[in-house]
Structure formats: structure tokens, C-alpha cells
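By convention here, the first residue in the shown sequence is residue 1.
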Amino acid sequence: MGAKHESTGAAGGGSRDGDRRIGRRALLVGGTAAAVGTAVLARDELARLWWRVPGVERPREEGAVDYAAARWVAASDQNWRRADRPDDFGVDMVIVHVTQGSFASAVKAFQDPSHRAATHYIVGQDGRVTQMIRELDVAYHAGNRDYNERSVGIEHEGFVDRPQDFTDAMYAASARLTAGICARYDIPLDREHIIGHVEVPGTDHTDPGPHWDWDRYMELVRRAATSAPLPRRLEERLTPASVS
């Protein structure tokens with residue numbers, strides 16, 4: 001952002017030539033500052049785009065996670081594509097998925113290059129969180145290119161027809177994760193921006209299914225966003241080992 005420069009005349013009885021000199025000096029300084037500002041903007045733009053040059057890749061720190069409580073396990077690079085979100089694609093959604101299998105089977109699938117799909121995160125029934133794709137990259141998870149580019153995907157261990165799979169620990173851990181994502185990208189905490197896979201246009205998926213308690217989940221997300229304590233009945237049921 002360029003600074004606004006103002007020049008003022010000298011106070012008191014300074015000479016007319018002195019005023020002109022000050023004006024010329026201010027003009028030179030202002031012009032130089034504007035040029036520097038433009039150069040800074042150009043430099044920042046180049047810094048953002050340099051890695052898109054063929055053969056050049058944006059540097060990545062191996063094992064880095066976007067959510068501090070997550071453990072990193074890399075997905076196959078055939079299940080996502082490099083990006084620089086939110087600079088190239090704005091992030092304005094979180095999409096909730098259910099694995100239709102175990103935690104381990106989901107990790108294995110996302111590491112399989114022939115699977116051609118993966119989410120950024122997996123949340124286990126015990127509340128553990130694994131990140132498999134960086135948030136700045138586009139995961140193939142929604143079955144819709146536009147939604148892939150705009151969203152962060154979160155898998156949840158279990159089956160859509162087994163309500164017992166959606167544990168207290170899972171809800172709580174996922175809510176904290178979602179609240180953090182929404183805070184990073186200024187995503188509204190509402191059902192237009194936190195959606196299920198079933199709500200993605202063109203999808204043939206039904207997850208998270210009828211047993212996912214959206215009212216409860218959204219309440220937990222909002223509580224996590226404001227650092228409000230969990231309801232006592234839920235907090236008492238969570239063991240320290242289950243809270244990630």
C-alpha cells in the first residue's frame with residue numbers, strides 16, 4: 001500500500017525561491033517514494049508468482065502442518081495439485097466428509113496414486129488429526145473442480161449409517177480444526193460455508209449422512225472460534241487422551 005505524501009509551504013516569512021525549492025524537493029521525494037512503492041509491489045507480485053515458472057517449484061518445508069495439533073502424513077502427489085492459496089484461489093469453504101472405512105484405510109487410500117482423491121485432513125474417532133495435504137494446495141476431494149479450489153476437505157473416520165461412529169472426541173477435534181481454518185481465511189461460521197460432501201453440486205456422494213449432527217457440530221465450531229468452554233456434559237465425557 002502506497003503512503004500518501006503531502007507538501008506544505010514553509011511557515012513564516014520564507015522566500016518565494018525557498019518555497020519553490022521545497023516544492024521541487026517534495027516533488028522529487030514524492031516521486032521517488034512512489035517509484036519505490038511501485039517497485040515493492042512489483043517485487044511482491046514476482047515473489048508470489050516466481051514459482052509458477054516452468055521447472056520452478058514453491059519451496060516447502062517437509063512435514064510442516066497448518067494446524068498445530070495435526071500429525072503430518074503425506075498423500076500421494078497424484079491426489080492433489082500444487083497451488084498458492086489463498087493468493088491464486090480464495091478459500092471460502094470447509095467440506096465435511098466421512099471415510100466409509102477405518103482411519104488407517106483412509107490414510108492408505110490417500111497414499112495410493114491410483115486413488116485420485118484425498119482430503120487435506122482426516123479426523124479419527126479418538127480425536128486425532130492427521131494432515132495429508134497442505135491447505136495452500138488443491139486436494140481432489142469434492143468431485144467438483146471449483147469447489148476443490150475453494151475449499152479445505154476434512155474426512156471423518158466411520159460410516160454414514162453408524163451414528164455411534166461420530167464420537168464426542170471426533171466432533172470436538174473436528175470443530176477446533178474447522179474453527180482454525182475459518183479464522184485463517186475469514187470464512188463465515190455458517191452452513192453456507194461449512195458444508196457436507198453431499199451438498200457439492202454434481203456429486204454422487206451422500207456423506208456425512210443423516211446421522212451427522214449439524215446443529216451440534218456448528219455449535220462446537222462457534223464455541224471453538226470464541227474459545228468458549230465446551231458444555232460440561234461433553235467435556236466430562238472427553239478423556240485427556242482423546243483430546244488432540
Side-chain angles (χ1 to χ4, degrees), residues 64-73 75 80 83 85-87 89-99 103 106 110 118-139 141-142 147-158 163 165-200 207-209 211-244:
V65 294
D66 298 295
Y67 179 63
R71 179 176 68 101
W72 175 256
V73 177
W80 55 276
R85 303 189 312 171
D87 288 337
F89 303 107
V91 177
D92 63 4
M93 283 186 294
V94 174
I95 299 180
V96 173
H97 301 258
V98 172
T99 61
F103 190 98
F110 294 168
T119 55
H120 296 88
Y121 295 96
I122 307 174
V123 180
Q125 292 176 359
D126 58 0
R128 61 182 154 160
V129 178
T130 291
Q131 182 170 6
M132 301 195 69
I133 299 169
R134 291 293 305 276
E135 290 177 12
L136 76 167
D137 294 322
V138 175
H141 68 99
Y147 277 61
N148 282 343
E149 291 171 346
R150 298 167 52 194
S151 66
V152 173
I154 306 175
E155 284 279 6
H156 297 82
E157 179 186 11
D165 287 350
F166 305 140
T167 64
D168 295 337
M170 174 188 286
Y171 273 121
S174 179
R176 290 192 294 271
L177 171 60
T178 293
I181 294 167
C182 290
R184 270 191 291 285
Y185 304 107
D186 198 24
I187 301 173
L189 304 180
D190 59 39
R191 286 284 285 112
E192 290 183 16
H193 298 86
I194 302 172
I195 67 173
H197 194 182
V198 67
E199 297 170 87
V200 175
D207 55 318
H211 300 297
W212 182 263
D213 190 338
W214 279 109
D215 289 340
R216 175 188 182 189
Y217 185 64
M218 294 304 297
E219 178 186 357
L220 289 171
V221 170
R222 293 185 183 106
R223 285 178 177 271
T226 58
S227 300
L230 293 170
R232 182 176 297 275
R233 57 181 175 76
L234 178 56
E235 188 174 22
E236 288 174 349
R237 289 201 295 266
L238 294 176
T239 64
S242 70
V243 179
S244 62

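Atom-to-atom distance recorded for E192:CD and D92:CG is 11.0 Å, nearest 0.5 angstrom. Note that the OG1 atom of T178 and the CG atom of L189 stand 9.5 Å from one another [nearest 0.5 Å]. Between the CZ atom in R128 and the CD1 atom in I122 there is a gap of 9.0 Å [rounded to 0.5 Å]. Note that the OG1 atom of T119 and the CD1 atom of I154 stand 8.5 Å from one another [nearest 0.5 Å]. Interatomic distance, F89 CZ to L136 CG, rounded to the nearest 0.5 Å: 11.5 Å. I133 CD1 to H120 NE2: the interatomic distance, rounded to the nearest 0.5 Å, is 5.5 Å.
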Evaluate V91 against E135 for side-chain contact (heavy atoms from CB on, under 4.5 Å), listing each step before the verdict.
CA-CA 9 Å; V91 177; E135 290 177 12; over 6 Å; no

Working for side-chain contact (heavy atoms from CB on, under 4.5 Å), residues D165 and E157
CA-CA 7 Å; D165 287 350; E157 179 186 11; over 6 Å; no

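For the pair V94/V221, no side-chain contact is recorded, criterion being any heavy-atom separation below 4.5 Å from C-beta on. You'll find the side chain of Y121 stays beyond 4.5 Å of the side chain of S174, heavy atoms only. A heavy-atom distance below 4.5 Å is not found between the side chains of F166 and D213. Within the 4.5 Å cutoff, the side chain of N148 has no heavy atoms near those of the W80 side chain. Using a 4.5 Å cut-off on side-chain heavy atoms (C-beta onward), Y217 and V96 make contact. By the 4.5 Å heavy-atom criterion applied to side chains, V152 and R85 are counted as neighbours.
When all heavy atoms of G124 and M170 are compared, the closest pair comes out as O-CB, 3.6 Å. Heavy atoms only, all atoms of each residue included: L220 and A172 are closest at CD1-N, 4.3 Å. Between I187 and H193 the shortest heavy-atom distance is CG2-CB, 3.6 Å. Across S151 and H141, no two heavy atoms sit closer than the pair OG-NE2, 2.9 Å. Taking all atoms of both residues into account, the shortest heavy-atom contact from A106 to T99 is CB-CG2, 3.8 Å. When all heavy atoms of Y147 and M93 are compared, the closest pair comes out as CD2-CE, 3.4 Å.
The closest donor-acceptor contact from the side chain of R134 to the backbone of D66 lies at 3.5 Å or more, if one exists at all. Using modelled atom types, no side-chain atom of H97 and backbone atom of G196 make a donor-acceptor pair closer than 3.5 Å.
Taking the six-membered ring for Trp and the full ring otherwise, the centers of W212 and Y171 sit less than 6.0 Å from each other.
Between D215 and R191 no salt bridge is recorded (no basic side-chain N to carboxylate O distance below 4.0 Å).
With V123 as the fixed residue, the side-chain contact (heavy atoms from CB on, under 4.5 Å) test singles out one of H156, E155, R176: H156.
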